[in-house]
2 protein chains.
Amino acid sequence: MATHKKDEFSQKEQEMAAISKALSHPARIAILKALAQKNECICGQLVEVLPLAQSTVSQHLKELKSVGLITGETDGPRSCYCINWKTLEKFLGDFNFLFEKLKSVNSKCC
Amino acid sequence: MATHKKDEFSQKEQEMAAISKALSHPARIAILKALAQKNECICGQLVEVLPLAQSTVSQHLKELKSVGLITGETDGPRSCYCINWKTLEKFLGDFNFLFEKLKSVNSKCC
DNA sequence: ACACATTATCGTATATTTGCGATATAAGAT
DNA sequence: ATCTTATATCGCAAATATACGATAATGTGT
C-alpha cells in the first residue's frame with residue numbers, strides 16, 4: 001500500500017526533496033535554463049521553445065512556482081516568469097552544507 | 001496521453017533531471033545524509049534509521065545507485081554503501097554553471 | 001459590447017512511483 | 001549440510017505524475 005510516508009521525515013529533508021522533485025523533469029530544467037539565459041522575465045515564448053503543448057507547459061510552470069523556484073505573474077493575456085534566485089541559492093546551499101563534512105574527508109570511503 | 005517526451009530534451013537536461021529525480025524523495029535525502037555524516041561505508045543499519053520496510057529501503061538504495069549518487073557492494077549478508085562524491089560534485093557544478101550568468105546580473109529581474 | 005490573443009484549469013488516459021509482504025539469494029556460523 | 005542473518009527481487013495495490021484537448025478566464029483592441 002502506497003500510503004506515502006513523507007511526513008515521517010524531517011522538515012529539511014522534505015523541503016530538499018520537494019525542490020529536487022520540481023527539478024526532476026527535463027522540461028522544467030529547460031524552462032529554468034531559458035529563464036536563466038534570458039536573464040529577465042519571459043513574457044510568453046516559452047511554449048515555442050519546448051516540445052510540449054501549451055497546457056503542459058503551464059502545468060510545469062505551476063510546479064516550479066509552487067516550490068518557489070520561479071516567480072510569476074499573469075496579467076490577462078500576458079505573463080511574466082522569472083527565476084527566484086533566493087530559492088535556488090538556498091537549495092544549493094543546503095546541499096553544500098549536507099556534504100560539507102564529506103568534502104573535506106572524502107578519502108576514507110570505498 | 002502520457003507518452004513521455006523526455007527524449008526530446010537535451011542530454012544534459014535529461015541528466016540533471018535524472019539526478020534530481022533520485023533526490024526527490026525525503027527517504028533518499030535521509031540516506032545520503034546518513035552516509036555523509038558517517039563519512040564511510042554503511043554496512044547495514046540504514047533500515048533502522050528510516051521509517052520504512054527493508055525492501056523499500058533497498059529499492060531507494062537501488063535508485064540512488066542507478067544514477068551514480070552512491071556506490072554499493074553486497075557481499076552476502078553484508079553491504080557497503082557510500083556516497084559517490086564525483087557525481088554529486090558534477091551535479092552541483094552543472095547547476096552552478098546553468099545559473100552563473102544569472103548570479104552576476106540577478107537584479108534585472110522582477 | 002464584441003472578437004482576439006494568451007494563459008490557466010479541468011477532465012481524462014496512460015505511465016511511473018511508492019510501499020509492503022513474500023520470496024529468493026548469498027555468505028558466515030554451528 | 002543446515003541454520004542464521006542480511007540484502008535483493010518479485011508481485012501487487014494505491015498514489016502521483018505526465019500529457020493533451022477542451023474549455024474557462026482575463027486583459028487588449030476595435
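A quick note: this is a predicted structure, and the numbers were derived from the prediction, not measured. Throughout, a chain's letter reflects where its sequence line sits, starting with A, and its residues are numbered from 1.
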ask   = Of all heavy-atom pairs between B/F9 and B/Q14, which one has the smallest distance, and what is that distance?
value = O-NE2, 2.9 Å
key: A/H25 side chain, from C-beta outward: closest of D/dT18, D/dA6, C/dC20   = D/dT18
remark   = Exactly one of B/N84, B/I70, B/T87, B/L35 clears side-chain contact (heavy atoms from CB on, under 4.5 Å) with B/L64, and that residue is B/I70
Minimum-distance nucleotide to A/K21 side chain [options: C/dA22, D/dG21, D/dT16] = D/dT16
task = Kindly indicate whether the side chain of B/Q54 and the base of D/dA8 share any N or O donor-acceptor pair separated by less than 3.5 Å?
result = yes
note = Regarding the side chain of B/A53, the nearest nucleotide among C/dT7, C/dC20, D/dA8 is C/dC20
key: Per B/L61 side chain, nearest of listed nucleotides C/dT18, C/dG21, D/dA8   = D/dA8
inquiry  = Under 4.0 Å from OP1 or OP2 of D/dA17: is there any side-chain N or O of A/H60 that close?
reply    = no
message = As a test of reading the structure: which of D/dT9, D/dG21, D/dT18 is closest to the side chain of B/S58, going by heavy atoms?
response = D/dT9
Nucleotide of C/dC20, C/dG11, D/dA22 approaching A/Q59 most closely (side-chain heavy atoms) = C/dG11
query = What's the closest nucleotide to the B/D75 side chain, out of C/dA8, C/dA27, C/dA22?
reply = C/dA27
query = Reckon B/T74 touches a base, only the sugar-phosphate, or nothing at all at heavy-atom distances under 4.0 Å?
reply = sugar-phosphate
query = Phosphate oxygens OP1/OP2 of C/dT6: is one of them under 4.0 Å from a side-chain N or O of A/Y81?
reply = no
note = Here the distance between atom C1' of D/dT16 and atom CD of A/E63, to the nearest Å, is 10 Å
key: Of the listed nucleotides D/dA8, D/dT16, D/dT5, the one nearest the side chain of B/P77   = D/dT5
